[in-house]
Amino acid sequence: MSNYFDSVANPTQSTVASFYNLENGKWSDSITATVSQLNAFQIELARISQQHQKDLRRYRHSPSEFSRIFPPNPGINCQYCPFNSICEFSELEVSA
């Protein structure tokens with residue numbers, strides 16, 4: 001079975017990526033992945049995407065069930081959420 005990663009990755013070499021932080025002007029350490037790791041990521045992302053689409057369909061059918069379909073998941077990600085100042089589940093301390 002052929003996929004996107006087969007067409008861009010050489011099976012004998014690791015894929016290498018890095019990220020550039022626009023705020024501090026620095027590059028991240030290199031991140032490497034083999035073709036089999038990329039395929040595993042692709043499978044996992046497809047699974048997550050399918051679950052998300054299923055959840056969206058459930059929500060559209062029953063909007064009142066929002067909190068059961070998308071339960072709160074507070075934690076470290078609260079610091080990046082634009083709703084942390086009004087969310088009753090946020091674990092981020094907001095100074096007044």
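- Every residue two or more places apart in sequence or in another chain that forms a side-chain hydrogen bond (donor to acceptor under 3.5 Å, both in side chains) with Q51 is listed here: D55.
- Sequence neighbours left out, the pairs with a member in residues 35-49 that pass salt bridge (charged side-chain N to carboxylate O under 4.0 Å, His left out) are E44-R47.
- Counting heavy atoms of neighbouring residues, nucleotides and ligands inside a 6.0 Å radius, atom CG of N21 exceeds 12 of them.
- Taking E23 as the reference, nothing meets the side-chain hydrogen bond (donor to acceptor under 3.5 Å, both in side chains) condition, with sequence neighbours excluded.
- The CG atom of L45 lies 10.5 Å from the CG atom of L38; values are rounded to the nearest 0.5 Å.
- Taking CG of D29 as the start and OG of S18 as the end, the distance is 9.0 Å to the nearest 0.5 Å.
- There is a path of hydrophobic side-chain contacts, each under 4.5 Å, that joins W27 to L22.
- Taking R60 as the reference, nothing meets the side-chain hydrogen bond (donor to acceptor under 3.5 Å, both in side chains) condition, with sequence neighbours excluded.
- With sequence neighbours excluded, no residue forms a side-chain hydrogen bond (donor to acceptor under 3.5 Å, both in side chains) with S49.
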Pairs of donor and acceptor atoms involving the side chains of residues 61-78, under 3.5 Å and at least two apart or interchain, shall be tabulated with distances.
from	atom 1	to	atom 2	distance (Å)
E65	OE1	R68	NE	2.7
E65	OE1	R68	NH2	2.6

